[in-house]
Amino acid sequence: KPLRKKHGGVLLEIKFNWEKILDSELSSICFANSLKKINDKNVLIVTSDKNNILELSYSSDKIKEQINNFFNSPIIDQIKFKKFLQN
């Protein structure tokens, strides 16, 4: 039996269609990193290498709405933002 993550297909869909789901301004500065189940809620982890995580977090409702509209169902309950650290 192959090992598969619970939300692997959904996360792959989100990553593959990231530019289609979000406008070009948002999709160019952040990307979907992982999808986790926390307290029975689907939490999308979005990372960015820019120093605008705080400003980006103000767009979380917009991002969540656009993803859920893309799938025509409430896939994402919450979005968390992380700074992508480069070496």
Side-chain angles (χ1 to χ4, degrees):
K1 193 172 183 181
L3 293 173
R4 283 184 52 194
K5 290 187 178 179
K6 203 174 200 179
H7 300 292
V10 173
L11 180 62
L12 190 63
E13 258 326 280
I14 291 171
K15 286 182 174 184
F16 187 73
N17 295 299
W18 193 246
E19 287 84 22
K20 293 178 192 171
I21 295 171
L22 299 181
D23 57 43
S24 59
E25 183 184 329
L26 277 174
S27 66
S28 65
I29 59 172
C30 64
F31 61 94
N33 187 33
S34 62
L35 184 61
K36 299 181 180 188
K37 189 91 161 170
I38 301 173
N39 295 333
D40 291 328
K41 293 184 186 269
N42 291 329
V43 180
L44 180 68
I45 310 296
V46 174
T47 56
S48 176
D49 60 353
K50 306 286 184 200
N51 291 323
N52 60 350
I53 293 290
L54 183 63
E55 291 86 20
L56 196 57
S57 69
Y58 295 132
S59 303
S60 65
D61 287 338
K62 179 181 177 185
I63 295 170
K64 181 176 78 169
E65 182 180 314
Q66 288 176 332
I67 291 170
N68 290 338
N69 285 342
F70 181 80
F71 285 100
N72 290 323
S73 66
I75 298 288
I76 304 298
D77 298 309
Q78 189 178 358
I79 296 180
K80 291 191 181 238
F81 294 91
K82 275 188 172 178
K83 177 99 167 95
F84 177 71
L85 301 174
Q86 293 178 331
N87 294 341

Taken to the nearest 0.5 Å, the spacing of Ser28 OG from Asp23 CG works out to 8.5 Å
Interatomic distance, CD@Glu13 vs CG@Leu35, rounded to 0.5 Å, equals 12.5 Å
According to a 4.5 Å side-chain heavy-atom criterion applied to Ile, Leu, Val, Met, Phe, Trp and Tyr, with indirect links allowed, do Val43 and Leu22 form part of one hydrophobic cluster?
no
Here the gap from Asp49 atom CG to Phe31 atom CZ, rounded to the nearest 0.5 Å, amounts to 7.5 Å
When you group the ILVMFWY residues by side-chain heavy-atom contacts below 4.5 Å and let the links chain together, are Leu26 and Phe70 in the same group? yes
For Lys41 and Gln78, the nearest pair of non-hydrogen atoms, with its separation, is CD-OE1, 4.5 Å
Between Cys30 and Trp18 the two heavy atoms that sit nearest each other are O-NE1, 2.8 Å
CZ of Phe71 to CD1 of Ile14, rounded to nearest 0.5 Å, is 4.5 Å
Rounded to the nearest 0.5 angstrom, the CD1-CZ distance for Ile21 and Phe16 is 11.0 Å
| task | Check the surroundings of atom NZ in Lys83: do more than 12 heavy atoms from other residues, nucleotides or ligands lie under 6.0 Å from it? | result | yes
Residues Leu11 and Ser34: closest non-hydrogen pair is CD2-CA, 3.7 Å
*Is any side-chain heavy atom of Asn42 less than 4.5 Å from a side-chain heavy atom of Val10?*
no
Test side-chain contact (heavy atoms from CB on, under 4.5 Å), reference Ile79, set Val46, Leu56, Asp61, output is Val46
Between the OG atom in Ser60 and the CZ atom in Phe81, the distance rounded to the nearest 0.5 Å is 5.0 Å
**Message:** Quick check on the hydrophobic clustering: are Ile45 and Ile38 connected, directly or via other members, by side-chain heavy-atom contacts under 4.5 Å?
**Reply:** yes
